[in-house]
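The sequence lines fix the lettering, A, B, ..., with proteins before strands; numbering per chain opens at 1.
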Amino acid sequence: MEGEAPRLLDLIPKDRDWVGKGVCKVKNGIEEKLELRLGLPGEENEKEEKQSAKSAFSLSFSENVSKRTFLGSVVTNEGKGTERKASGAPPVAHGTRTINSSIANNSSQTRTSNAPVVGWPPIRSFRKNLASSSNSKSPLETRDGGPVNGNKADSNKKGCFVKINMDGIPIGRKIDLQAYGDYDELSSAVDQLFRGLLAAQRDPLVNEKSGGENNQGIKGLLDGSGEYTLVYEDEEGDRVLVGDVPWKMFISTAKRLRVLKTSDLSVSSINTVSRKRAATEC
Amino acid sequence: MREEISDMSEDDETGERARWAPDLSKNRSDDSDSGPGPPIGDSPPPFSDQVLENVLENVLEFLTSRRDRNAASAVCRSWYRAEAQTRRELFIGNCYAVAPHRAVERFQSIKSVVLKGKPRFADFNLVPFGWGAQFEPWVKSFGAAYQHLERICLKRMSVTDKDLTIIAESFPLFKDLTLICCEGFSTLGLAVIAERCRHLRVLDLIEDYLEDEDDEVVDWISRFPETTTSLESLVFDCVTCPFNFDALERLVARSPSLQRLRVNHHVALEQLRRLMARAPQLTHLGTGTFRSEVGFGEVDPNLDLVSAFGASRSLVCLSGFREIEPEFLPAIYPVCANLTSLNFSFANLTAEELNPVIRQCHNLQTFWVLDSVGDEGLRAVAESCRDLRELRVFPLDPTEDSDSSVSDIGLQFISEGCRKLRSILYFCQRMTNAAVVAMSKNCPDLVVFRLCIMGRHLPDRITGEPMDAGFRAIVMNCKKLTRLSVSGLLTDKAFEYIGCYGKLIRTLSVAFAGDSDGGLRYVLEGCTRLQKLEIRDSPFGDASLISGLPFYYNMRFLWMSSCNLSMRGCKEVARNKPNLVVEVIRDVVEEEEEEIEAVEKLYLYRSLAGARTDVPAFVKIL
């Protein structure tokens, strides 16, 4: 049983890192759907190429058939069928041949899949990282931000949520820095986030979601030209203008964001000199 | 680990069915509470009836069980009134099942509230941030209605500092605040509670997630009044912010009733010793870390530690032990024989390090540990702790292909040694049916069986067969089983067995299991006492969802994520059952306007309150 595994591993293409493939908007739906496909290794490839073009949710009918077929793995994908009894397929419990191949399938599936599944194993976030923290003398690391945030995958590397507050608005938000590719995307996301709230703040009669005509975008966040400016705080607590450092360094060092009134910024309160900082996990 | 914690999840009583059945069988358009309400235009009862009602009230004062009270309230209107007047504890298992004002109108003399919010899978990041379960509307209603409220216990609710302030301001007799797996508050709110709740006896913060604004951390420990306090329990190991230790030491010194103290990881052994010296009467101690402070300069803290533990004659429960330095473990030997509860689940110990400790813990009933101790460590547990009732084995490295050193062998040891076992949570990489069968036979008193084989869809390690046979044995042989979590490679057969034999099961947790709709059908039709069903990543579709229609009113909730559900099926459920709230939860996605047919996450629950009004954008109520 164990001896078969390496051979099947070879069949699985190494570049199955569709999670990191530049699609920064990582949606759990897509991740999970793709993750759970458990057909034969050869079928994986075709499905991946098809699915990356489709929306994740249209997978549920045709593609999930493969979830069941692995159990009777001699049966290949037989098209759509929302209700297929397992008894129709070759019995799983008793045939060792099918079991072996499906086991080998499974072990190769689970062993080589890079992306961890959200919320599996079912351990609360404060129980993670015990192996590292228990060996060091440093105090226990703070937990991953937002344990109840469904967008954040298990691994620290995926999803970097930081708080963002805007001057004059009591309600803060959280955004995932890794969802954006560069500063411009971040700036427009911040605009989207707060535009409605800002308008509501100014005119309480304006519904947060409505009022397209009255809403003017929040512009000039990065260059100091607008009414507001985006700054961030690093792990040392210093406030730095957003945009000074390379994007990748920014997302690994920024601990929180603030949208401040440009008029309130004074030269001394903002550190505009970019410094090299050790990259840490968010 | 207080016994109450594990009780919190096993709280459902079959009396819930009796409570709901009479109400929902009629199509009421008026919004009345559960149970028969007083009819309009009823003449006031004559004098003798009033006397009887007074007598009844006096009698019902002694009735504490929720189930009994629900039954009593359904007898007749007089009993309904009397019960409502005399109920002191309000338990609401789903905060969205009833509106706050309704609860407050019916029960007017409540002293203790237990309220639960988010579904349990929220703990594993499956419920997006901002989903709901705000405590705010509740605390406002309670604040206006219950002057005598003494106790609030919340689980998986979103609690803000403002809510905590309202608590402090509204309830002059407030004594007990217990927050379990809650989020949204910070040290600021804790400071308000500490400062203003002058009669506070219990402040238990268990596995909460605090908003730690580093620049706004408040030293809440210093805010307790300077006078002698009535504190009996102070648990804050989940509060990751640092605090003023001297203030804590002084607080402990002026809290003569303190029995339970669990500190956070900012406390080292030297400081622990000082705390223990101040409170030799402690029964429950959470050590925070278990390591020495480097360079503290004290002469051999270990010696003092031994005498500190030696002086703590009342200790029955030990926890903490983060960042453990095992050379200090012998310090706890003096108390081992008295321990009934030991939590090593943050201590990375080997079997050799565990052995000398566990060999002395003959009276242990609850034991939580990391799988770093391996099967050998569990053998020592099995040989030493014959009275063990609850065992939890957590993974040191919670990933699918880690090198876990516990397996079916460890489970077998435990089953042979700990015959009185009632509750087990066991994380492992591989398992065999034989070991699970052995446990089912050796431990017939099992009430809770939660097995998590971390590798998904893994079959029996030796035979290669699905794990159906093992779980079959569990549901057949453990006749008291009320809570079950399954894992490993499971076919529909496993669910057939569960449906057939698991007649007392109230909570069932399913992940990556089953072949087809038939599996879920078996469970829904067979498990007549089922209250809470949570399923993820299993191939159950609309047909199985619809097959459960006759049963959903008898359950508290159903959660299904990453299954084969579609809007069509979910809408049909919603159409058919008006008193169910059917929530379709998407992950937080901004752009998509048109409706997606596939349902990623479904959460449905019975409710008298109808669709909730605080729905975020990513939740759609059908």
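For B:Glu353, the salt bridge (Lys or Arg N to Asp or Glu O under 4.0 Å) criterion is met by no residue, not counting sequence neighbours. In this structure A:Arg124 satisfies the salt bridge (Lys or Arg N to Asp or Glu O under 4.0 Å) test together with B:Asp123, B:Glu207, sequence neighbours excluded.
Here the straight-line distance linking atom OG of A:Ser125 with atom CZ of B:Phe124 works out to 10.0 Å at 0.5 Å rounding. Interatomic distance, CG of A:Leu130 versus CG of B:Leu370, reported as 6.0 Å (0.5 Å rounding).
In this structure, the portion of B:Thr399 lying under 4.5 Å from any heavy atom of chain A is its backbone and not its side chain. In this structure, chain A has no heavy atom under 4.5 Å from any part of B:Arg120.
Checking side-chain atoms of B:Arg536 against main-chain N and O of A:Gly119 turns up a donor-acceptor pair under 3.5 Å.
Between A:Val118 and B:Leu126, the shortest heavy-atom distance links the atoms CG1-CD2, 3.9 Å. Heavy-atom minimum distance, B:Pro398 versus A:Pro121: O-CD, 3.2 Å.
Classification of the A:Trp120-B:Phe512 ring pair by plane angle, with boundaries at 30° and 60°, yields perpendicular.
Side-chain atoms of A:Lys128 and B:Asp397, non-hydrogen and from C-beta on, never get closer than 4.5 Å to each other. A:Pro122 places a side-chain heavy atom less than 4.5 Å from the side chain of B:Phe427.
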